[in-house]
Amino acid sequence: MNRTERGRREFTEVMTFAPPPDSTAAASALIDFVFGEVWPRPALSRRDRRFVTLPCVAAADAEGPLRDHVYAALNSGDLTITEMRETVLHFAVYGGWPKASRFNITVDEQWDRIHRERGQQPPPPEPLLPLPTASDPELRLAGGEQSFKDINCMPYAPIRDNPYSGAGILNFVFGEMWLRPGLGMKERRLVTVACVAFQDAPVPILSHVYAALKSRDVSFDEMDEVALHFAAYYGWPKASHLNQVIGEQKQRVLDEWRQG
Amino acid sequence: MNRTERGRREFTEVMTFAPPPDSTAAASALIDFVFGEVWPRPALSRRDRRFVTLPCVAAADAEGPLRDHVYAALNSGDLTITEMRETVLHFAVYGGWPKASRFNITVDEQWDRIHRERGQQPPPPEPLLPLPTASDPELRLAGGEQSFKDINCMPYAPIRDNPYSGAGILNFVFGEMWLRPGLGMKERRLVTVACVAFQDAPVPILSHVYAALKSRDVSFDEMDEVALHFAAYYGWPKASHLNQVIGEQKQRVLDEWRQG
Amino acid sequence: MNRTERGRREFTEVMTFAPPPDSTAAASALIDFVFGEVWPRPALSRRDRRFVTLPCVAAADAEGPLRDHVYAALNSGDLTITEMRETVLHFAVYGGWPKASRFNITVDEQWDRIHRERGQQPPPPEPLLPLPTASDPELRLAGGEQSFKDINCMPYAPIRDNPYSGAGILNFVFGEMWLRPGLGMKERRLVTVACVAFQDAPVPILSHVYAALKSRDVSFDEMDEVALHFAAYYGWPKASHLNQVIGEQKQRVLDEWRQG
């Protein structure tokens with residue numbers, strides 16, 4: 001089986017529909033390289049790769065790829081609708097709410113479509129309340145500080161008396177969003193790493209790659225695969241930076257494990 | 001006074017320091033066009049233009065321009081530190097937390113620098129608590145629904161039972177963030193329009209341009225200036241789209257005002 | 001002839017259709033500044049400027065500008081369809097596949113439209129095979145290493161035993177994509193510089209600006225124009241960073257030429 005055949009078979013398995021007939025340079029390379037060579041690689045499962053792919057297509061806000069990857073992730077059964085909806089919220093925080101709004105609408109549309117294709121009705125959504133967070137503002141912030149330390153594998157939390165870090169990071173991002181049930185820590189790590197890689201602000205990319213490795217939620221080999229998968233879906237320049245950060249943070253974590 | 005002289009004078013006033021000696025094509029056009037022709041235009045004040053510029057330089061994550069515009073906005077006295085910190089939080093929601101993290105660090109650094117240059121100590125930060133939001137989750141969501149309707153000038157709010165819209169939009173974005181004191185509604189509108197313009201998801205750009213105009217927080221003439229200012233700081237392709245949306249939403253608002 | 005008249009004439013020549021009637025601030029400045037002052041500048045030809053413009057409008061994913069610039073590049077005859085399709089593939093690698101997918105669809109649509117307007121049938125696409133790359137994996141990697149060194153003007157290549165650099169960079173990006181016929185090296189350099197400028201990861205922007213200058217595929221004067229043209233299409237903050245990098249890399253290349 002040659003590369004194109006392997007790519008077309010992988011495309012069908014990943015996307016849950018046959019590749020379109022298109023022999024342009026970009027479409028052929030999508031089949032030959034992205035599906036024929038990247039998706040079938042070891043270390044990172046097909047399901048794991050979806051948590052890198054989905055933030056990338058949501059950030060790129062290219063209508064077709066976003067629609068197709070949301071459909072494929074749900075239609076394959078790789079993601080439950082609960083996981084998908086938590087992925088949208090997690091993406092909203094790390095990629096921005098406007099793009100998340102489109103992602104959210106697309107999830108609704110594709111969830112309806114899948115049920116329509118199966119002659120079914122979509123089930124009613126799960127109730128939001130009760131939220132898994134303390135109501136009292138003081139307790140909520142204290143929970144956010146502990147969660148910030150645990151998730152970032154750091155001994156300290158940022159100050160409360162700053163709107164960004166107090167009202168935002170402690171109160172909502174780590175005090176509530178990261179603690180929501182419905183999506184595993186490994187999956188949240190993969191979504192986050194993809195987002196910090198395309199946003200590429202210098203500190204968050206370091207701290208989230210570090211914490212994903214240090215927590216052992218993502219293994220070294222898995223993280224190397226994230227860099228390649230991300231390159232295909234967001235472009236090589238940002239992936240090159242991610243790959244460099246991964247190399248440095250692997251060394252830092254190794255050094256800490258040897259010392260500790 | 002020719003265009004270059006006007007541009008250099010305007011640069012000095014806006015940036016609070018003299019333009020660097022650089023006669024390359026891009027640097028010259030920055031002086032001649034962006035400072036000589038865009039910043040001095042009527043309808044949108046220098047202070048207003050900062051609320052479009054800051055999200056653009058924070059999103060572009062170009063180190064130098066972000067540093068310089070944060071410094072200039074604070075050093076000129078156009079923004080208070082409280083307004084700047086609320087701008088960072090607002091930007092975090094609409095532009096993504098990783099980029100906001102860099103923005104937040106830059107604000108701290110430039111605030112320190114300004115005080116150092118003046119031989120002063122930065123004042124201690126304002127206390128975060130009490131938050132201006134109900135603690136009870138049910139009341140908090142109800143507040144978010146009302147705030148969503150008021151701010152978006154819409155008769156309905158999205159469903160609670162969806163993580164993105166319930167835990168995110170109602171609970172935090174409209175239930176808390178938009179209601180925070182320290183930044184005026186016009187300023188929040190300008191930051192939001194800049195962010196939805198660079199994120200360019202189809203629905204949010206419509207709804208936020210519409211609401212800014214419908215609420216009369218931003219006038220028609222001011223909004224036209226936002227499109228041009230945004231073009232300079234985020235490029236013509238996205239600005240063309242924004243400009244088209246503005247044209248459509250002005251018509252929609254006019255039609256509604258005539259009918260109502 | 002005043003600036004607006006010059007801008008309208010230039011718009012018509014570049015876009016191959018008349019400028020739309022629109023006197024808003026942003027639309028007027030697009031005519032007066034971008035078409036009246038940037039496009040007619042010397043050093044970089046109209047055709048060259050298209051290889052900067054196309055990646056920017058594809059990345060900005062503003063539907064209208066992408067459609068119009070793809071149409072104009074093909075309808076003017078400045079780019080052949082083969083060059084355009086290779087540009088899409090090159091963009092896919094440096095800007096990510098999702099946005100490239102939209103770009104690719106737009107090329108198909110506009111190519112059909114051009115032929116429809118001329119009462120013609122689009123010719124069948126050129127056959128993809130044979131690829132200019134060895135099939136044997138070992139030879140393929142060896143070819144990628146040599147190509148990496150040649151194109152980046154560097155004496156070393158990255159390690160094979162890393163998914164990003166082995167399976168991605170050596171095997172596909174430099175082992176195959178850059179070596180494809182159908183698009184010249186200067187054109188690939190221009191597309192790449194535009195992409196690394198909007199992705200703005202720290203190392204790729206340095207290395208690709210350096211290699212474009214060092215190889216003499218892009219002259220110093222041309223590169224200065226790239227920065228200005230990019231400013232118009234992707235905004236001044238990222239263009240300022242690009243312009244700074246260009247200044248540094250020109251100096252580095254000059255120093256090497258003097259020493260060597």
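Sequence lines set the chain letters: A, B, ... in the order given, protein chains first and strands last, and positions in each chain run from 1.
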Need one label for [X]: side chain, backbone, both or neither, based on atoms under 4.5 Å from any heavy atom in chain B.
X      : answer
C:V57  : both
C:P237 : both
C:A239 : neither

Between C:A231, C:A29, C:C56, which shows the greatest number of heavy-atom pairs under 4.5 Å with chain B? C:A29
Stepwise side chain to side chain contact (heavy atoms under 4.5 Å, CB included) check, C:V209 with C:V218: CA-CA 9 Å; C:V209 167; C:V218 180; over 6 Å; no
I'd like a table of all donor-acceptor pairs linking chain B to chain C (distance under 3.5 Å, no angle check), giving the atom names and the distance to one decimal.
unit_1, atom_1, unit_2, atom_2, d
B:R3, NH1, C:E37, OE1, 3.3
B:R3, NH1, C:E37, OE2, 2.9
B:R3, NH2, C:E37, OE1, 2.8
B:T24, OG1, C:N243, ND2, 2.8
B:A26, O, C:W236, NE1, 3.3
B:E37, OE1, C:R3, NH1, 3.3
B:E37, OE1, C:R3, NH2, 2.8
B:E37, OE2, C:R3, NH1, 2.9
B:A60, O, C:K238, NZ, 3.2
B:A232, O, C:W236, N, 2.9
B:W236, N, C:A232, O, 2.9
B:W236, NE1, C:A26, O, 3.3
B:K238, NZ, C:A60, O, 3.1
B:N243, ND2, C:T24, OG1, 2.8

Could you state the interatomic distance from [atom1] ([X]) to [atom2] ([Y]), rounded to the nearest 0.5 Å?
X     : Y      : atom1 : atom2 : result
C:L89 : C:L183 : CG    : CG    : 9.5 Å
B:M84 : B:F103 : CE    : CZ    : 5.5 Å
B:L54 : B:L66  : CG    : CG    : 8.0 Å
C:F11 : C:L30  : CZ    : CG    : 6.5 Å

Using side-chain heavy atoms (C-beta onward) and a distance below 4.5 Å, is C:F220 in contact with C:V253? yes
Beyond-backbone contact of B:L242 with B:V193, side-chain heavy atoms, under 4.5 angstrom: yes
Contact origin within B:A43 toward chain C - heavy atom pairs under 4.5 Å: neither
If you look at every heavy atom in C:L213 and C:I246, which pair is closest and at what distance? CD1-O, 4.5 Å
